[in-house]
Number of protein chains: 2
Amino acid sequence: MAGLAGRALDAALSKAGARVAAADERLTDSRRRVLELLLKAGGPVKAYDLIAAYGQGGAKPPTVYRALEFLERLGFAHRLESLNAYVACPRSGEVHAAAFLICECCGATVEIEPGVADRVERAAGAHGYSLRGLTLEARGLCPACRTGDGH
Amino acid sequence: MAGLAGRALDAALSKAGARVAAADERLTDSRRRVLELLLKAGGPVKAYDLIAAYGQGGAKPPTVYRALEFLERLGFAHRLESLNAYVACPRSGEVHAAAFLICECCGATVEIEPGVADRVERAAGAHGYSLRGLTLEARGLCPACRTGDGH
DNA sequence: CTTTCCCTGTTACGGTATAACATCCTGAGG
DNA sequence: CCTCAGGATGTTATACCGTAACAGGGAAAG
Ligand SMILES: [Zn+2]
Ligand SMILES: [Zn+2]
Ligand SMILES: [Zn+2]
Ligand SMILES: [Zn+2]
């Protein structure tokens with residue numbers, strides 16, 4: 001799944017550490033470990049799979065959910081609502097509205113930037129709403145699954 | 001929550017019955033009952049609240065989840081992924097990509113049509129994906145909650 | 001040193017959803 | 001009428017997802 005490994009992984013983690021420090025927060029062991037697992041996976045991972053993969057005596061659910069909440073808050077990860085899963089953000093550390101393409105066949109996801117914020121903002125305004133966050137998840141078939149190469 | 005009642009509710013249910021028949025499907029008792037509960041509520045409802053409200057000797061989870069799946073498939077209801085809740089569609093019976101404004105304070109929701117399908121379609125194409133469904137959920141504050149009239 | 005604040009560990013629980021299988025109903029065809 | 005096939009439901013049990021509540025620890029400020 002195009003996950004990171006070796007030096008690229010180390011570099012990503014170092015960079016994350018710097019960004020976290022710049023935000024006056026702490027990249028603690030459990031936060032760093034969960035981010036590492038997400039980066040290695042290179043795709044959506046379920047919370048309980050993170051718990052199982054955590055290693056080192058394991059982790060209990062609250063540990064992992066707290067780390068995920070932190071990573072999401074700082075822009076290192078996103079939650080995929082329609083999959084109950086989490087994924088590392090390729091723009092690690094920039095908080096932003098995320099949008100995803102999700103393959104219904106193999107589960108592959110791509111983070112996209114369709115540029116819809118302005119239209120949603122306008123629709124919100126028309127109903128008197130102020131906008132504070134946006135979830136966009138598109139379901140479809142990835143190139144491999146369209147041609148039968150899936151799985 | 002602007003739910004339907006009395007004649008308006010009966011009319012909506014009759015219309016649903018006709019649409020279902022036109023699609024060569026059946027609006028069975030449990031499906032009709034769940035749709036009725038969603039229409040009465042006039043807003044998002046949790047599956048287990050539907051189960052509790054079902055009455056008539058009650059319903060077990062699979063009964064209600066099956067009805068919800070059916071209603072979603074035929075365009076009578078949508079699932080709100082970020083709330084784990086379900087809501088009747090004001091365009092009952094037209095299958096379409098739904099988009100929602102959700103108040104973070106009071107939970108009020110509005111179904112909108114921001115017209116973003118074209119842009120998402122283009123982004124999907126750029127990644128080789130074919131598009132088959134779209135979930136858009138915007139979080140913010142409704143007019144009442146913005147001015148402190150909430151709750 | 002002590003206070004404060006944040007982060008963590010642990011237990012236990014509640015909410016969400018589905019698997020698996022038996023049963024029943026309905027409508028088409030003989 | 002009878003039978004058969006497909007879809008819908010009933011039932012039990014279980015798996016999965018997420019959080020409440022409280023105790024403990026560690027760094028940094030005063
Ligand atoms: Zn992102
Ligand atoms: Zn695929
Ligand atoms: Zn709708
Ligand atoms: Zn509100």
Side-chain angles (χ1 to χ4, degrees), chain A residues 16-17 20-38 41 44-74 76-87 102 104 107 135 137, chain B residues 16-17 20-38 41 44-74 76-87 102 104 107 135 137:
Chain A
V20 168
D24 253 317
E25 300 266 6
R26 288 189 293 153
L27 189 60
T28 59
D29 286 349
S30 60
R31 292 167 176 179
R32 184 182 175 93
R33 177 68 177 137
V34 170
L35 177 56
E36 181 186 2
L37 290 170
L38 288 178
V45 191
K46 301 270 207 174
Y48 273 68
D49 291 340
L50 293 171
I51 291 166
Y54 191 94
Q56 328 264 58
K60 304 268 170 52
T63 301
V64 169
Y65 279 102
R66 286 165 181 160
L68 288 169
E69 182 191 20
F70 171 86
L71 293 173
E72 213 181 339
R73 182 161 53 83
L74 268 73
F76 293 104
H78 301 294
R79 172 177 166 79
L80 293 167
E81 299 287 354
S82 58
L83 299 179
N84 288 352
Y86 302 82
V87 64
I102 304 172
E104 287 181 326
T135 293
E137 299 178 15
Chain B
V20 168
D24 254 318
E25 299 267 6
R26 290 188 292 153
L27 188 60
T28 59
D29 286 350
S30 61
R31 292 167 176 178
R32 184 182 175 92
R33 176 68 177 137
V34 169
L35 177 55
E36 182 186 1
L37 290 170
L38 288 178
V45 191
K46 302 270 206 173
Y48 273 70
D49 290 339
L50 292 171
I51 291 166
Y54 190 93
Q56 327 266 56
K60 304 268 171 49
T63 301
V64 168
Y65 279 103
R66 285 165 180 159
L68 289 168
E69 181 190 22
F70 171 86
L71 293 172
E72 213 180 338
R73 183 159 53 80
L74 268 73
F76 294 104
H78 301 293
R79 172 175 166 79
L80 294 166
E81 299 287 353
S82 59
L83 299 180
N84 288 352
Y86 302 82
V87 65
I102 303 172
E104 287 181 326
T135 293
E137 298 178 13

| query | Once each nucleotide of nucleotides 7-17 of chain C is scored for protein heavy atoms under 4.0 Å, what B/S/- sequence comes out, 5' to 3'? | reply | SBBBB----BB
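D:dG18 atom P lies 12 Å from atom CD of B:Glu81, rounded to whole Å. In this entry the distance linking CD of A:Glu69 with P of D:dC17 reads 18 Å, nearest Å. Rounded to whole angstrom, the span from the CG atom of A:Leu50 across to the C1' atom of D:dG18 amounts to 14 Å.
In plain terms, the two heavy atoms of B:Ala47 and B:Val64 that are nearest each other are O-CG1, 4.1 Å. The two residues A:Arg79 and A:Asn84 come nearest to each other via the heavy atoms NH2-OD1, 3.1 Å. Between A:Lys46 and A:Leu83, the shortest heavy-atom contact is NZ-O, 3.1 Å.
Side chains of B:Glu81 and B:Thr135: no donor on one and acceptor on the other come within 3.5 Å.
Of the charged side-chain nitrogens involved, at least one lies within less than 4.0 Å of a carboxylate oxygen, so that B:Arg33 and B:Glu36 count as a salt-bridged pair.
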